[in-house]
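Below: the structure, in structure tokens.
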Number of protein chains: 2
Amino acid sequence: MVRDKEQTRQRLIEAVGTALSEHGFQGLGVNAVARVAGVDKVLIYRYFGGLAELLEAYGESQGFWPSREEVLGRKVAVIKALPKAERVEAVLLGLLDALRQRPQTIEVLAWEAVQQSPLTAMLAERREAWSRQILAELFDDAGPEDRPLLTLASLLVAGFQYLLIRARRGSVYGGIALDSEAGWAEVRDAIRRACRAGCN
Amino acid sequence: MVRDKEQTRQRLIEAVGTALSEHGFQGLGVNAVARVAGVDKVLIYRYFGGLAELLEAYGESQGFWPSREEVLGRKVAVIKALPKAERVEAVLLGLLDALRQRPQTIEVLAWEAVQQSPLTAMLAERREAWSRQILAELFDDAGPEDRPLLTLASLLVAGFQYLLIRARRGSVYGGIALDSEAGWAEVRDAIRRACRAGCN
DNA sequence: CTCGCATGTCACCGTTAGGTGACTTTATAG
DNA sequence: CTATAAAGTCACCTAACGGTGACATGCGAG
């Protein structure tokens, strides 16, 4: 044993991610996390106060939601110069690809969709704040007349997030092959088409 | 006590629906269902073999997935005469309204999205079969060139199903007010716009 | 009427969960 | 060296779960 409080805290936080990837948010509990961390569960209470606070720390430490750079690349200025519909397209496709790299985030999204608890409420609020921020940054020239376009964007995000959630375990949805790159190429194509519809 | 096997079976099946509406698929277990039915849990094993088979019976009894009439109204012939994009639009809007009337079905959809089990696999397969059937009936004239349109349709269905799932407990997603009729009107409008994009 | 079987009740088992108090070990300040 | 407080271990509690065997009860055939 190392007898180092900070390191043990860190191991617990990482164990949350591991447990999420391996067994999903179901079965995520004090006992499971402690088991994965190889640590006594009582330390969760001592160091964090409880599972809720540990999960909160996990949410802070990991940027479990992708950063703006991860979604947009480094070309924010380029994107801002595009017409609105193409801006939406760039954000959506970037977000899709970023999320596909983050199984733990998808797991949290699934959780959020299914359970309402103080923790998931916090995560949901953070996600909403994130989208408001993107909006403010990339669409500062948007007025009420762009509301339909932005609603369409949210609907499309909802759509591929749902597909990502189902792809964790299932392999096909509505004829789309979720386990093949070809299937996701079709999804990307559908997003592009839908965005073009938003402009008029 | 009534001492009527068939009636008790029926009460158990109905209790599944009640338990689903009241407490969600989480916490749906032998004990909970028996409690709601006001019946001893051992009867679930005696009459059905176990919870899985009881749930299967629930899936059969309730048309928990809406019928074609419920989605399309009685005007199938009229819809078939429309251009493809408008046909998609009619199906999607009909499905959205039908699902909004069926909280239990939405609960099952959430479940399906989150847990992979023999039962949810069966439900998922049934849903896929349903969509294949709609496709065959309404789009018998569709060729490979319509594949993008149908992918877009599936993406939009995924989108509003996700919104329906979140609307059970949350109230806002990506700026859309899920607890107000105005929010859903925006969603419907976005679906219409996206469908129009599919034709070219 | 009464006997037998179908119907329904009850008590109990093992397991797992969240949670807590009391214990042991180790680093370090004095 | 030693006292002490932090760090970590252990044993145990209650509750809920899925599941099962033994029991009580009422209906209907003979």
Side-chain angles (χ1 to χ4, degrees), chain A residues 1-20 22-59 61 107 111 114-122, chain B residues 1-20 22-59 61 107 111 114-122:
Chain A
M1 277 311 95
V2 253
R3 225 159 242 268
D4 176 335
K5 176 173 176 175
E6 208 40 57
Q7 180 177 330
T8 301
R9 278 180 57 101
Q10 209 50 46
R11 280 174 64 164
L12 278 169
I13 291 176
E14 282 163 22
V16 171
T18 314
L20 270 180
E22 286 178 2
H23 306 104
F25 67 88
Q26 319 238 49
L28 187 75
V30 181
N31 294 291
V33 172
R35 203 159 29 226
V36 170
V39 149
D40 198 283
K41 65 177 172 180
V42 82
L43 300 182
I44 294 176
Y45 297 100
R46 280 235 268 270
Y47 292 159
F48 296 92
L51 187 60
E53 289 88 347
L54 170 55
L55 291 172
E56 206 163 333
Y58 165 72
S61 80
E107 198 63 44
W111 189 5
V114 143
Q115 250 179 4
Q116 182 76 333
S117 68
L119 175 70
T120 57
M122 177 197 79
Chain B
M1 279 310 96
V2 252
R3 225 160 243 270
D4 177 334
K5 177 173 174 176
E6 207 42 54
Q7 180 178 329
T8 302
R9 279 181 55 103
Q10 209 51 45
R11 281 175 61 164
L12 278 168
I13 291 175
E14 283 163 20
V16 171
T18 313
L20 270 180
E22 285 178 4
H23 309 297
F25 68 89
Q26 319 238 51
L28 187 76
V30 182
N31 294 291
V33 172
R35 206 174 312 132
V36 170
V39 148
D40 198 281
K41 64 177 171 180
V42 82
L43 300 182
I44 293 175
Y45 297 100
R46 280 238 267 272
Y47 293 158
F48 295 92
L51 186 61
E53 290 88 345
L54 168 56
L55 291 173
E56 206 162 334
Y58 165 72
S61 80
E107 199 62 43
W111 188 7
V114 144
Q115 253 182 1
Q116 182 76 332
S117 69
L119 175 70
T120 56
M122 177 195 81

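First the proteins, then the strands, lettered A, B, ... as listed; each starts at 1.
- Atom OH of B:Tyr47 is separated from atom P of C:dA6 by 11 Å (rounded to the nearest Å).
- Within the 4.5 Å cutoff, no side-chain heavy atoms of B:Glu53 are placed close to those of B:Tyr47.
- Taking atom CG on A:Leu28 and atom C1' on C:dG18, their separation rounds to 13 Å, with Å as the unit.
- Between A:Arg11 atom CZ and D:dG8 atom C1' there is a gap of 12 Å when expressed in whole angstrom units.
- Protein atom CD of A:Glu53 is 14 Å distant from nucleotide atom C1' of C:dG19, rounded to whole Å.
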**Fill in**
Scoring nucleotides 20-30 of chain C by protein non-hydrogen atoms under 4.0 Å (B base, S sugar-phosphate only, - none) yields BBB--BS----

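- The distance from atom CG of A:Leu43 to atom C1' of D:dT9 is 9 Å, rounded to the nearest whole Å.
- A close approach under 4.0 Å does not occur between any side-chain nitrogen or oxygen of B:Asn31 and OP1 or OP2 of D:dA16.
- Here B:Thr8 does not reach the OP1 or OP2 of C:dT7: none of its side-chain N or O atoms lies under 4.0 Å away.
- Of all heavy-atom pairs spanning A:Ile44 and A:Val30, the tightest one is CD1-O, 3.7 Å.
- Rounded to an integer number of Å, the gap from CZ of B:Arg35 to C1' of C:dG8 is 18 Å.
- In terms of heavy atoms, A:Val33 sits closest to A:Leu12 at CG1-O, 4.0 Å.
- Closest non-hydrogen pair, B:Asp40 versus B:Val42, comes out as OD1-N, 2.9 Å.
- Scanning all heavy atoms of the two residues, the minimum distance from A:Leu51 to A:Gly29 falls at CD2-CA, 3.9 Å.
- Within 4.0 Å (heavy atoms only), A:Arg9 reaches no atom of the nucleic acid at all.
- Comparing D:dG18, D:dA7, C:dG8 by their closest approach to the side chain of B:Val30 singles out D:dG18.
- Atom pair A:Leu51:CG and C:dA17:C1' shows a separation of 12 Å (rounding to whole Å applied).
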**Request:** Please test B:Phe25 against B:Thr120 for side chain to side chain contact (heavy atoms under 4.5 Å, CB included), starting from the C-alpha separation and ending with a verdict.
**Result:** CA-CA 11 Å; B:Phe25 68 89; B:Thr120 56; over 6 Å; no

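- Annotation: side-chain hydrogen bond (donor to acceptor under 3.5 Å, both in side chains) contacts of B:Glu56 (sequence neighbours excluded): none.
- In this structure, CD of B:Gln26 is placed 15 Å from C1' of D:dC17, rounded to the nearest angstrom.
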